[in-house]
Amino acid sequence: MSNSVYDIPVNTISGEEATLNQYQGKVLLIVNVASKCGLTPQYEGLEKLYQSQKEHGLEILGFPANNFLEQEPGTNDEIQQFCSLTYDVHFPIFSKISVVGEDKHPLYQTLITAQPERIGEGPWWQDLVEYGLTPNPKPEVLWNFEKFLINKKGEVVARFAPDITADDSRLVDAIQAELAK
C-alpha cells in the first residue's frame with residue numbers, strides 16, 4: 001500500500017470522479033465531518049484556519065460521513081448547501097463516504113493504517129461512554145471531526161481526536177511545522 005493519499009479515487013461533492021493529486025505539495029488536513037453533531041460548530045474554526053493558512057499552502061478537505069448516530073443524513077447537495085449557508089465554508093467538501101466498518105473508504109483505510117494513534121485521546125472518549133455509547137476501538141475513527149495531517153509529500157504525519165479544535169495549539173503547531181518544511 002502506498003504511503004501517499006494522492007492516487008486514491010474520491011468524488012467531489014458534486015459527484016465527479018477525482019483524486020487528491022491536485023493537492024500535491026500542499027499540507028492537508030483531512031476531516032470527517034457531519035452536519036448534525038455536537039462537534040459541527042468546528043466548521044467555523046476549520047474555515048477560519050483555512051482562510052488564515054491557505055495562502056501558506058494548507059488545504060482542509062472535508063469528507064462527510066454518516067457513521068456516527070446518523071449525524072450526516074443529508075444528500076451531497078444538502079450537505080454542500082448546509083456548509084455554505086450555515087458556516088460559509090470555502091474549503092473543499094467531498095462526497096459522503098464511510099470512514100468505519102466493512103464499507104470503509106480506501107482513503108480512510110490508508111489514513112488509519114498510516115497513523116493508528118491519535119493525539120488528544122482524553123475526556124471526550126469518556127463523555128461518549130457516559131452517554132451510553134461504545135466508542136470504536138483503536139485504531140478506528142472515534143467520531144466525527146477526527147483530523148489527519150498530511151505532509152507535502154502525501155504522507156500521514158499526525159492524527160487528532162475529534163475534540164481537538166482548529167485553534168488547539170497541538171494542531172496549529174503541527175500544521176505550522178509542516179508548512180515550514
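FYI, the numbering just counts along the sequence from 1. All values reported here derive from a predicted model rather than from experimental measurement.
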*Walk me through it: do Phe145 and Thr40 pass the test side-chain contact (heavy atoms from CB on, under 4.5 Å)?*
CA-CA 8 Å; Phe145 291 90; Thr40 300; 4.3 Å; yes
_Please report the interatomic distance CD(Glu117) to CD1(Ile112), rounded to the nearest 0.5 Å._
12.0 Å
_Minimum heavy-atom distance between Val172 and Ala166, given as atom pair plus value_ = CG2-O, 3.3 Å
*Taking the side chain as C-beta and beyond, is there a heavy-atom pair between Leu149 and Leu28 under 4.5 Å?*
no
*asked:* Using ring centroids (six-membered ring only for Trp), state whether Phe160 and Phe148 fall under 6.0 Å.
replied: no
_If the condition is salt bridge (charged side-chain N to carboxylate O under 4.0 Å, His left out), which residues does Glu70 pass it with, not counting sequence neighbours?_
none
*Where is the tightest heavy-atom contact between Val27 and Lys152, given as atom of each residue plus distance?*
CG2-CG, 3.9 Å
*From OG1 (Thr110) to NE2 (His105), nearest 0.5 Å*: 9.5 Å
_When you compare the side chain of Trp143 with that of Leu69, does any pair of heavy atoms fall below 4.5 Å?_
yes
_From CD1 (Ile97) to CG (Asn11), nearest 0.5 Å_ = 10.0 Å
*Any side-chain hydrogen bond (donor to acceptor under 3.5 Å, both in side chains) pairs touching residues 22-34, not counting sequence neighbours?*
Asn21-Gln24
*With sequence neighbours left out, write down each residue that passes side chain to side chain donor-acceptor pair (under 3.5 Å) with Lys104, or none if nothing qualifies.*
Gln109, Glu140
*Separation between OH of Tyr108 and CD1 of Ile30, rounded to the nearest 0.5 Å*: 6.5 Å
*Audit row: Val31, Leu29, side-chain contact (heavy atoms from CB on, under 4.5 Å) steps and yes/no*: CA-CA 6 Å; Val31 186; Leu29 187 65; 4.1 Å; yes
_Apply side-chain contact (heavy atoms from CB on, under 4.5 Å) to residues Lys181 and Asn151 and explain how you reach the verdict._
CA-CA 9 Å; Lys181 293 180 181 177; Asn151 68 15; over 6 Å; no
*Heavy atoms only: give me the nearest Pro135-Leu128 pair and the separation to one decimal.*
CG-CB, 3.9 Å
*asked:* Please find the pair of heavy atoms, one from Asp163 and one from Gly120, that lie closest to each other, and give the distance.
replied: OD1-O, 4.0 Å
*With a 4.5 Å limit on heavy-atom distance, are the side chains of Leu20 and Leu107 in contact?*
yes
*asked:* With side chain to side chain contact (heavy atoms under 4.5 Å, CB included) as the test, pick out the partner of Pro106 among Val5, Ile8, Asp7.
replied: Ile8
_Non-hydrogen side-chain atoms of Asp173 and Ile175 separated by less than 4.5 Å_ = no
*Could you tell me which non-hydrogen atom of Ile13 sits nearest to which non-hydrogen atom of Phe94, and how far apart they are?*
CD1-O, 3.2 Å
*asked:* Hydrophobic clusters here meaning ILVMFWY residues chained together by side-chain heavy-atom distances under 4.5 Å, can you tell me if Phe82 and Leu85 are in one?
replied: no
*Do the non-hydrogen side-chain atoms of Phe68 and Val141 ever get within less than 4.5 Å of each other?*
yes
_Filter on side-chain hydrogen bond (donor to acceptor under 3.5 Å, both in side chains), then keep only pairs touching residues 82-92, sequence neighbours left out; what's left?_
Glu47-His90
*Between Cys83 and Tyr43, which heavy-atom pair has the shortest distance, and what is it?*
SG-OH, 3.3 Å
*Can you check side-chain hydrogen bond (donor to acceptor under 3.5 Å, both in side chains) on Asp77 and Thr75, steps first, answer last?*
CA-CA 5 Å; Asp77 287 342; Thr75 66; 5.2 Å; no
*I would like to know whether Lys96 and Asn76 meet side-chain contact (heavy atoms from CB on, under 4.5 Å); could you show each step before the answer?*
CA-CA 7 Å; Lys96 189 165 29 173; Asn76 286 335; 3.7 Å; yes
*Could you tell me whether the side chain of Lys36 reaches within less than 4.5 Å of the side chain of Pro73, counting heavy atoms only?*
yes
*Partners of Glu146 by side chain to side chain donor-acceptor pair (under 3.5 Å), sequence neighbours excluded?*
Arg118, Arg159
*Indicate yes or no: at least one non-hydrogen side-chain atom of Tyr6 is less than 4.5 angstrom from one of Thr19.*
no
*Separation of Ser35 OG from Asn144 CG (nearest 0.5 Å)*: 9.5 Å
*Does the side chain of Lys147 pick up a donor-acceptor pair with the side chain of Gln42 at under 3.5 Å?*
yes
Could you pull out all donor-acceptor pairs under 3.5 Å where a side-chain atom in residues 59-67 meets a protein atom, sequence neighbours excluded?
| residue | atom | partner | partner atom | Å |
| --- | --- | --- | --- | --- |
| Asn66 | OD1 | Gln71 | N | 3.2 |
| Asn66 | OD1 | Glu72 | N | 2.8 |
| Asn67 | OD1 | Val99 | N | 2.8 |
| Asn67 | ND2 | Ser98 | OG | 3.0 |

_Sub-4.5 Å side-chain heavy-atom contact between Ile150 and Glu155_ = no
